[in-house]
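Given the structure is predicted, the values throughout are model-derived calculations rather than measurements. Note that the numbering runs from 1 along the sequence shown for the chain. The figures that follow rest on heavy atoms only: side chains count, while hydrogens, waters and symmetry mates do not.
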Amino acid sequence: MHQAARYLRLRIHANHLVLGIFPFLAAPYAFAETADKLASLELEKLMELPVETVSGVSKYEQSIRQAPASVTVLTAADIRNYGWRTLSDALRTAPGFHIRNDRFYEYVGNRGYTRAYDYNSRTLVLINGHRINDPIYQLGAIGTDFLLDPDLIERIEIIRGPGSSVYGSSAFYGAVNIIPKKGRDLAGGQAALALGSSPDTKGRVSYGDRTPSGVEYLISATVADSHGESDFALPDSWRTATGRPDAKISSEDGTRQQQLYAHASYRGFETEAAYGRREKDVLPNVYNTYPGAHAADTRAYWLARASGHVQPDATLEAKTSIDYYDYDGHFMPEGYGFHRFHPTASSVSLNHELRYHQTFTDGHSLLLGTEIQNNLRLKTTGKDLDDPSQSLMPVNVSSSYVSPFAQFDYQLLDPLRISLGGRYDSYSTGEDRFTPRTGLIWDATSATTLKLLYGESFRVPNLEERYPTEPGSSANPNLRPEINRSWELVAEHQLSPTWSADAHVYHTQSFGLIINYANSTDYTTTGTELGLNSYLTNGILIRTSGTWQNTRDESTDSHAADSPHLLGKVNFSAPVYSDWLRASTELQYVSKRDDFTGSELGEYLTANLTLRAAPLWRSWSASISLYNIADAHWSEATNASRITTPPRSAVLRITRDF
């Protein structure tokens with residue numbers, strides 16, 4: 001009772017603090033040669049230039065050079081050129097990211113950390129700053145279960161390092177902020193059809209525009225279907241676990257997907273809604289189940305946002321939203337004696353946020369805000385359909401948190417800037433945590449920026465970890481939040497008007513990581529990243545990166561599972577015939593690592609190629625993509641053992657603007 005009263009007082013005071021302080025607060029680099037060259041570029045080429053600003057680091061638009069974080073930005077042009085089918089395809093190209101696909105979900109490996117079935121709970125996924133990770137599993141969807149069609153993405157902001165000082169829980173190792181397109185980006189209608197494998201068929205219809213009076217709107221619908229691998233070879237480990245003789249299986253890897261998105265804005269008001277449902281057939285060796293396993297994820301949100309200038313250099317923004325998530329699974333797993341097991345989960349949440357941002361003439365800036373989330377329903381069940389007495393006790397609870405945050409950027413000297421930020425999260429479940437972030441940013445020359453970054457982050461245990469549906473697991477409501485502390489040194493240098501390089505050295509310590517439903521593990525990671533990028537005036541685009549990292553599991557004094565030492569990425573895009581035909585290729589290398597049983601997973605190198613013709617004829621454009629050109633074979637770690645990755649595939653896309 002005392003805890004609840006204290007929490008309520010904090011919640012009221014936090015809102016009063018943010019509202020009450022408003023009256024008191026109310027009292028680029030460029031080369032000349034670059035400007036000359038860019039002035040002559042056509043609109044299509046200008047759209048492919050690297051984006052120089054980011055909004056997801058500090059919750060307001062700022063120069064990437066001045067942002068207190070390590071940032072990579074990918075654009076709509078990248079998505080078109082490389083034929084990325086999902087958000088995960090894009091993240092595979094990001095420095096330091098290692099994406100694992102168990103043919104059910106796709107998982108982010110970031111700064112050396114990845115675990116089986118952590119559901120990306122340590123990387124926050126956002127759409128236009130709005131949290132997408134659900135409150136039950138904290139699942140950050142990046143595959144076919146993501147809410148937004150990639151064709152509707154204007155840019156992807158990949159933010160490495162702790163982000164809890166502005167976003168709270170789950171921004172543990174980083175955040176991915178998706179900026180959707182607006183009506184003006186379409187300026188009419190667009191229909192798209194994809195044929196091939198993964199997906200077999202996909203159709204999208206979108207319409208958007210901006211009226212002379214300033215009303216902007218966009219609406220889009222997508223449907224996709226994929227049969228997946230038709231002749232999947234089952235491993236010996238599955239036959240041993242199940243006692244079945246099956247060597248191969250067909251029609252157990254399909255995906256059915258629906259997505260809806262709508263956005264409208266007028267002056268300082270906007271509203272946005274998204275809906276996504278993904279039904280997935282689950283290959284038997286993902287969970288060591290009998291054939292016939294399948295599951296569906298449904299998520300949706302609606303939000304309204306209002307913003308305006310309370311002073312010429314000060315903005316006030318308010319946002320409210322409602323979020324929905326539903327999971328429905330059907331399995332016959334080994335852990336339940338191959339009984340028919342039916343796990344379900346659902347949540348409904350309300351989120352409110354108030355933000356004030358002011359810039360000052362001397363280069364300083366101040367951000368103040370408060371976020372409140374009410375999880376009205378958090379519900380899970382686990383029914384044994386063959387023996388109801390073995391069913392799990394249903395969980396039906398609610399929770400909430402209130403989180404004031406602030407960030408002050410101060411110009412110490414003309415080339416030297418310091419960023420000081422922090423957030424205090426107070427949960428109704430009893431967890432209280434303050435997380436700071438500090439960045440010292442020095443523009444050593446007009447072409448060179450150095451950043452010294454320190455940040456902390458945390459992640460509260462999710463409902464599944466507190467009340468697991470795994471066989472043989474018991475409730476553990478006293479789990480503690482995970483803690484992360486990170487140092488990073490960043491050097492960014494413009495070698496010439498068209499070439500840039502960057503280098504990163506980082507050291508991360510993670511404490512109390514929840515493994516097997518207990519705070520049982522500490523991780524320490526030391527790593528280095530190098531990048532070289534170019535945008536040439538003849539339209540050639542080059543982006544390369546190399547990562548060396550060493551992640552230690554302190555509980556076993558050994559190298560962490562599924563954490564490769566080396567990552568290499570090359571993206572190359574060039575016009576083949578004038579500006580009409582473009583070829584884009586990407587190479588991705590991942591060094592050997594161990595699965596979660598201690599067995600070695602071999603290294604692999606894979607390549608993709610996309611040819612794009614735009615316009616093909618009048619308002620028509622087309623592209624063809626080949627994925628895993630050399631049909632490389634490798635295995636990914638799963639909780640049960642390992643699973644082979646999908647074979648070579650091809651997709652033809654046809655788009656018409658109207």
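Arg437 meets the salt bridge (charged side-chain N to carboxylate O under 4.0 Å, His left out) test with no other residue; sequence neighbours excluded. The side chain to side chain donor-acceptor pair (under 3.5 Å) check on Gln138 picks up Arg459, with sequence neighbours excluded. Checked against side chain to side chain donor-acceptor pair (under 3.5 Å), Ser226 has no partners two or more places apart in sequence or in another chain. With sequence neighbours excluded, the residues forming a side chain to side chain donor-acceptor pair (under 3.5 Å) with Asp323 are His130, Ser321, listed by chain and number.
The local environment of CG in Asp231 is crowded, with over 12 non-hydrogen atoms from other residues, nucleotides or ligands closer than 6.0 Å.
The stretch residues 166-179 participates, sequence neighbours left out, in these side chain to side chain donor-acceptor pair (under 3.5 Å) pairs: Glu157-Asn177, Tyr173-Ser510. Among pairs with a residue in residues 66-86, those fulfilling ring pair (Phe, Tyr, Trp, His ring centres under 6.0 Å) read Tyr82-Trp84, at least two apart in sequence or across chains.
Under 4.0 Å is where a charged nitrogen must lie from a carboxylate oxygen, and between Lys569 and Glu529 no such pair does. Ionic pairing of Arg593 and Glu603 is not present here: no N-O contact between side-chain nitrogen and carboxylate oxygen is shorter than 4.0 angstrom. Note on Glu586 versus Arg92: no salt bridge recorded, every NZ/NE/NH1/NH2 to OD/OE distance being 4.0 Å or above. Using a 4.0 Å cut-off between charged nitrogen and carboxylate oxygen, Glu456 and Arg485 count as a salt-bridge pair. The pair Lys280-Asp253 counts as a salt bridge, with a side-chain nitrogen and a carboxylate oxygen less than 4.0 angstrom apart. With salt bridges taken as basic N to acidic carboxylate O contacts below 4.0 Å, one links Arg155 and Glu61.
Close placement of the Tyr105 and Tyr119 rings is indicated, their centers lying within 6.0 Å of each other. In this structure, Tyr523 has its ring center under 6.0 Å from that of Tyr113.
No hydrogens or angles considered: a donor-acceptor pair under 3.5 Å links the side chains of Arg160 and Ser70. Of the N and O atoms on the side chains of Gln190 and Arg204, at least one donor lies less than 3.5 Å from an acceptor on the other residue. With hydrogens and angles left out, the side-chain atoms of Tyr107 and Glu636 include no donor and acceptor closer than 3.5 Å. In this model, a donor atom of one side chain and an acceptor atom of the other lie less than 3.5 Å apart for His559 and Asn550. Between Ser591 and His565, the side chains place no donor N or O within less than 3.5 Å of an acceptor N or O (distance only, hydrogens not considered). Checking Tyr325 against Asp297 by side-chain atom types alone, a donor-acceptor pair falls below 3.5 Å. Side-chain atoms of Thr551 and Thr525 form a donor-acceptor pair, as typed in the model, at a separation below 3.5 Å. Using modelled atom types and a 3.5 Å distance limit, the side chains of Glu488 and His504 yield a donor-acceptor pair. Between Thr524 and Glu554, the side chains place a donor N or O and an acceptor N or O closer than 3.5 Å (distance only, hydrogens not considered).
For the side chain to side chain contact (heavy atoms under 4.5 Å, CB included) with Pro180, the qualifying choice from Asp185, Ile127, Ile153 is Ile127, the only one to do so. For the side chain to side chain contact (heavy atoms under 4.5 Å, CB included) with Thr606, the qualifying choice from Asn628, Leu587, Val590 is Asn628, the only one to do so.
In this structure, Asp145 contributes its side chain and Gly143 its backbone to a donor-acceptor pair below 3.5 Å. The backbone N or O of Glu600 lies less than 3.5 Å from no partner atom in the side chain of Lys592, so there is not a single donor-acceptor pair. At distances below 3.5 Å, not a single donor-acceptor pair connects side-chain atoms of Arg80 with backbone N or O atoms of Arg612. Under the 3.5 Å distance criterion, the side-chain polar atoms of Thr123 are left unmatched by any main-chain donor or acceptor of Asn120.
Looking only at side-chain heavy atoms (C-beta outward), Arg278 and Arg256 stay at 4.5 Å or farther from each other. Taking 4.5 Å as the limit, every side-chain heavy atom of Ile158 sits out of range of all side-chain heavy atoms of Val73. Counting heavy atoms from C-beta on, the side chains of Gln549 and Pro564 come closer than 4.5 Å. Residues Ile178 and Leu126 have side chains not in contact (no heavy-atom distance under 4.5 Å, counting atoms from C-beta outward). Put simply, the side chain of Val651 reaches to within 4.5 Å of the side chain of Pro199, judged on heavy atoms. For the pair Leu195/Thr201, a side-chain contact is recorded, criterion being any heavy-atom separation below 4.5 Å from C-beta on. Taking 4.5 Å as the limit, every side-chain heavy atom of Ser584 sits out of range of all side-chain heavy atoms of Asn571. Within the 4.5 Å cutoff, side-chain heavy atoms of Phe146 are placed close to those of Val125.
Nearest heavy-atom pair, Asn608 versus Thr585, reported as atom, atom and distance to 0.1 Å: O-OG1, 2.9 Å. Of all heavy-atom pairs spanning Leu260 and Ala221, the tightest one is CD2-CB, 3.5 Å. Residues Tyr506 and Trp548 come closest through the heavy atom pair OH-O, 4.3 Å. The two residues Thr655 and Ala192 come nearest to each other via the heavy atoms OG1-CB, 3.9 Å. Between Leu186 and Lys181 the shortest heavy-atom distance is CD1-CD, 4.2 Å.
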Legend entry - Evaluation steps, side chain to side chain contact (heavy atoms under 4.5 Å, CB included), between Asp326 and Arg299: CA-CA 6 Å; Asp326 182 83; Arg299 46 177 53 85; over 6 Å; no
Inset, instruction - Would you please test Thr508 and Arg111 for side-chain hydrogen bond (donor to acceptor under 3.5 Å, both in side chains) and show each step? - result: CA-CA 8 Å; Thr508 297; Arg111 292 286 161 94; 5.4 Å; no
Inset, instruction - Determine, stepwise, if the pair Arg653 / Lys202 fulfils side chain to side chain contact (heavy atoms under 4.5 Å, CB included). - result: CA-CA 9 Å; Arg653 299 177 183 84; Lys202 176 183 174 181; over 6 Å; no
Legend entry - Audit row: Thr75, Asp78, side-chain hydrogen bond (donor to acceptor under 3.5 Å, both in side chains) steps and yes/no: CA-CA 5 Å; Thr75 66; Asp78 294 322; 3.3 Å; yes
Inset, instruction - Before giving the answer on side chain to side chain contact (heavy atoms under 4.5 Å, CB included), spell out for Trp580 and Leu616 the whole-Å C-alpha distance, their side-chain angles and the decisive distance to 0.1 Å. - result: CA-CA 8 Å; Trp580 174 75; Leu616 181 63; 3.9 Å; yes
Inset, instruction - Could you give me the CA-CA distance, side-chain angles and deciding distance for Tyr301 and Glu272, then say whether side-chain hydrogen bond (donor to acceptor under 3.5 Å, both in side chains) is met? - result: CA-CA 8 Å; Tyr301 73 85; Glu272 180 177 298; 2.5 Å; yes
Legend entry - Derivation and outcome, side chain to side chain contact (heavy atoms under 4.5 Å, CB included), residues Val176 and Ile156: CA-CA 7 Å; Val176 178; Ile156 304 169; 3.9 Å; yes
Inset, instruction - For salt bridge (Lys or Arg N to Asp or Glu O under 4.0 Å), just list the numbers for Arg122 and Glu482, CA-CA rounded to whole Å, side-chain angles, deciding distance to a tenth of an Å, and then say yes or no. - result: CA-CA 10 Å; Arg122 297 169 181 87; Glu482 301 174 341; 2.7 Å; yes
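Relative to the ring axis of Tyr627, Arg85 places its NZ or CZ within 45° and under 6.0 Å from the centre.
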